[in-house]
2 protein chains.
Amino acid sequence: MQNTGLKTAAIEKISHKEYFNIAVSVDCVIFGYEEKQLKVLLIKSDLKEFEGLWSLLGDLVTPNENLDDAPYRVLLERTGLKDVYLEQVHSFGDVHRHPSGRVVTIAYYSLVNIKSHKLNLTDNELHWHNVAELNSMAFDHKLILDTCLQRLQEKVLEHPVVFNLLPEKFSLRELQDLYQAILGQELDRRNFRKRINLKNWLVDLNEMEEDVPHRPGKLYKLKSGLKKISTDLNRSKPVKTHLV
Amino acid sequence: MQNTGLKTAAIEKISHKEYFNIAVSVDCVIFGYEEKQLKVLLIKSDLKEFEGLWSLLGDLVTPNENLDDAPYRVLLERTGLKDVYLEQVHSFGDVHRHPSGRVVTIAYYSLVNIKSHKLNLTDNELHWHNVAELNSMAFDHKLILDTCLQRLQEKVLEHPVVFNLLPEKFSLRELQDLYQAILGQELDRRNFRKRINLKNWLVDLNEMEEDVPHRPGKLYKLKSGLKKISTDLNRSKPVKTHLV
DNA sequence: AAAGAATGTGTTTTAAGTACATATTATTAT
DNA sequence: ATAATAATATGTACTTAAAACACATTCTTT
């Protein structure tokens, strides 16, 4: 294997059984939002090593599917949703991360509107959990969750992705509550509105909230053309340096 | 496989041969810097499908090594260097990305000081290339390179990582040239110096450049404690929101 | 009709980014 | 030696964004 990279010597060994004993999986951190809480969809682990603990939804990548298609498949199977927002985050591959064998997993997070899909919650091993209240999880899934949450926090500051978690129409108050749930901190209402306005993401619908127990706020929706399903690998705009 | 995630049904299948026909590799985008040019270390592909093209240095992950250890091993074997800066960037796993079989690869970039190691350049299939002049490469390696360069560009704006590409002592001019090579754009000298000063990364050595064909500049070094070998997954500081 | 609670907007202060000019110090050419 | 050249070194004005903060408005509830 030395000094070959993926050159001939290594490639030849791909046909050798010894190099095929690492399995590849994907794990999905499926974020939702409800009642001012950021949620994550988890399933009860049924490994005896992790009895009582919760784990992310994942599956092995099959030989005939593209890596980035696997999390879509998992999501479709679990939630029935297509066209969800998905972003690849990081790969985890410590030798002993999975008790049953060597599994390298690629972590993705996705943003889904809890209301817009009927979970197979008859399968009562599948539940939404408050992200803020989660402690230990099965496998290294707490680390994966934390890593994905961190990525999400960075993402929402500059990109209009949180709208995948909201209904079509929403008030600025709802939007701010969502940002606060994701970022884990209180935001100043006046500065928040200024900032969001500056981003130019929203359309004023000239409608008002209804059935709220207080003064109704104006309703907005995301500008058409800004809704993203997945993250482009290739950046369209040049880097903002702040160093010029 | 349906509706199982990594639950029992799937885990049981890990012992089935059919799920072990995906190989896992790592590919390293090894960045260097010389003569005001950002360089990348490449090897000639010896696959007949990619005759004459260059490819990244990589290798299959062995069953008994942690995923994140594999790129260190590749670097050690290729350059003899330990303690290089390494960052995992993205995974690539399209079904047909490798002509010889199904290989999911995890891409890393690393930053090495070209001068500080003796490449095994007797192996004359290993060469430093100007990143700016590279066009097609073997496999999907051009996409991997572009993705890693993009990540590097974002990284250097906020984190003191470029110093892994420089000698211990350097002038601000050298530092600016390096930033320009990485970012692919000219920077204003006065604003650049102000910005770098604001970061508080450097120590003034009270020494001057020598053997330069012009007025010598002052020499600096990175403040001790700032040199990073690898990127922490877990952020130490809270998110800067700019939304408060 | 008054109190309470949430919406909606604006101003001041501070920090950072951008654009731009001049003096200084060494080398090179005359 | 002197002048020209080229790079270092530093400062100032302008613009934009972030942060801190206050008041009036509208609807619900008492």
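Order of the sequence lines sets the chain letters (A, B, ...), proteins ahead of strands, with each chain counted from 1.
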Is a donor-acceptor contact shorter than 3.5 angstrom present between the side chain of [X] and the base of [N]?
X	N	answer
R189(B)	dA9(D)	yes
K194(B)	dT12(D)	yes
R190(B)	dA19(C)	no
D188(A)	dA19(D)	no
R193(A)	dG8(C)	no

For this session: Taking only Lys NZ, Arg NE, NH1 and NH2, and the carboxylate oxygens of Asp or Glu, determine whether E87(A) and R151(A) approach each other closer than 4.0 Å.
Result: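 Looking at E87(A) and R151(A), the cut-off is met.
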
Problem set entry | Presence of salt bridge, K199(A) and E158(A), under 4.0 angstrom |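 Result for this pair is yes, salt bridge flagged.
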
Atom [atom1] of [X] to atom [atom2] of [N]: distance rounded to whole Å?
X	N	atom1	atom2	result
F192(A)	dG8(C)	CZ	P	13 Å
E186(A)	dA19(D)	CD	P	16 Å
L187(B)	dA19(C)	CG	C1'	14 Å
N197(A)	dA18(D)	CG	C1'	15 Å
K218(A)	dC27(D)	NZ	P	13 Å
E210(A)	dT26(D)	CD	C1'	16 Å
H214(B)	dT5(D)	NE2	C1'	13 Å
E207(A)	dT7(C)	CD	P	18 Å

Exercise. Using a distance-only test with no angle check, is there a side-chain donor-acceptor pair under 3.5 angstrom linking T105(A) and S25(A)?
Worked result: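 Yes, S25(A) and T105(A) have a side-chain donor paired with an acceptor closer than 3.5 Å.
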
Exercise. Quick one: do the D68(A) and Y108(A) side chains pair a donor with an acceptor below 3.5 Å?
Worked result: yes

Exercise. Does R215(B) put a side-chain nitrogen or oxygen below 4.0 Å from OP1 or OP2 of dA6(D)?
Worked result: no

Problem set entry | Upstream residue (5' side of DNA chain D) when P216(B) and M208(A) are each assigned their closest nucleotide | P216(B)

Exercise. Strictly under 6.0 Å, is that where the ring centroids of H141(A) and W54(A) end up?
Worked result: no

